Student: 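Could you have a look at this structure, given as structure tokens, before my questions?
Nothing here was measured: the structure is a model prediction, and the numbers come from that model. For ligands, and for the atoms within them, numbers begin at 1 and follow the listed sequence.
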Amino acid sequence: MNELVVATRNQGKIAELKRLLVEHAPNLQLRSVAEFDLADVEETGVTFEENALLKATTIATLTGLPALADDSGIAIDALNGAPGVFSARWAGKHGDDAANIEKVLFELQDVPVEGRGAQFVCVIALALPDHRSLTVRGELQGVVRFKPEGEFGFGYDPIFQPDGFSITTAQMTPEQKDEISHRGKALREIAPKIQPFIGL
Ligand code: IMP
């Protein structure tokens, strides 16, 4: 077993993972879920862990191969952790970044800077066809700005300022963001664990 199915159709994400894994698992062949004839797994969980595990275990079971999946989002303190697992569809339509940002800024309009704490969260799950699994979680603490700024990134990046910085994650280069991001942390944590877990 030296193949790993990655639950993304995005070749950029697969290339990123490949770069991170060369050092830890040089013989592992990464395959996109797009190579298999599978329907998208519905994200019905209420936690990032549940959704990442749901995707990874479903794909591992259906393909008979180890599978890696992630779930991510932003948890805002003043909204009791919302949008959380609903981050991509907070304003209704899936992936409407501008509408999602507008909704969050409206909901936080009366919240002063000291109450605008938030975390970006990324959970990555690795599952085997026999249902064994493991998860890792990466977080990035910060505050929600009052106005969007920056052109890089995606999602809530234009309104998220990480603690210790005076710019948003949308004003960072992709490399700068990777070094501190929730996703970068989770990927660097899981990278050395994949090969031993799969049993290669
Ligand atoms: P997923 O594809 O279900 O993991 O949804 C992730 C959603 O969370 C994205 O659509 C964004 O709205 C938000 N999100 C996750 N990570 C980031 C990030 O690094 N920057 C900005 N928004 C993010």
Student: At a heavy-atom distance under 4.0 Å, which protein residues reach ligand 1? Sort them by chain and number, would you?
Tutor: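 Near ligand 1, by chain and number: E43, D71, S72, G73, S87, A88, F120, F154, G155, Y156, D157, K177, H182, R183.
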
Student: One thing to verify: whether E189 and K193 come together as a salt bridge, which I'm taking to mean a side-chain N less than 4.0 angstrom from a carboxylate O.
Tutor: yes

Student: Identify whether NZ of Lys or CZ of Arg in R116 sits under 6.0 Å from the centre of the six-membered ring of F146 and within 45° of that ring's axis.
Tutor: yes

Student: Main chain of V85, side chain of N51: is a donor-acceptor contact present, judged purely on distance under 3.5 Å?
Tutor: no

Student: Got a salt bridge between D70 and R137, using NZ or NE/NH1/NH2 to carboxylate O under 4.0 Å?
Tutor: no

Student: Go through the structure and list residues passing ring pair (Phe, Tyr, Trp, His ring centres under 6.0 Å) with Y156, not counting sequence neighbours.
Tutor: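 By the ring pair (Phe, Tyr, Trp, His ring centres under 6.0 Å) rule, Y156 matches no residue at all.
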
Student: Could you tell me if R132 sits above the aromatic ring of F197, with its cationic atom closer than 6.0 Å to the ring centre and no more than 45 degrees from the axis?
Tutor: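 Output yes; distance and angle both within limits.
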
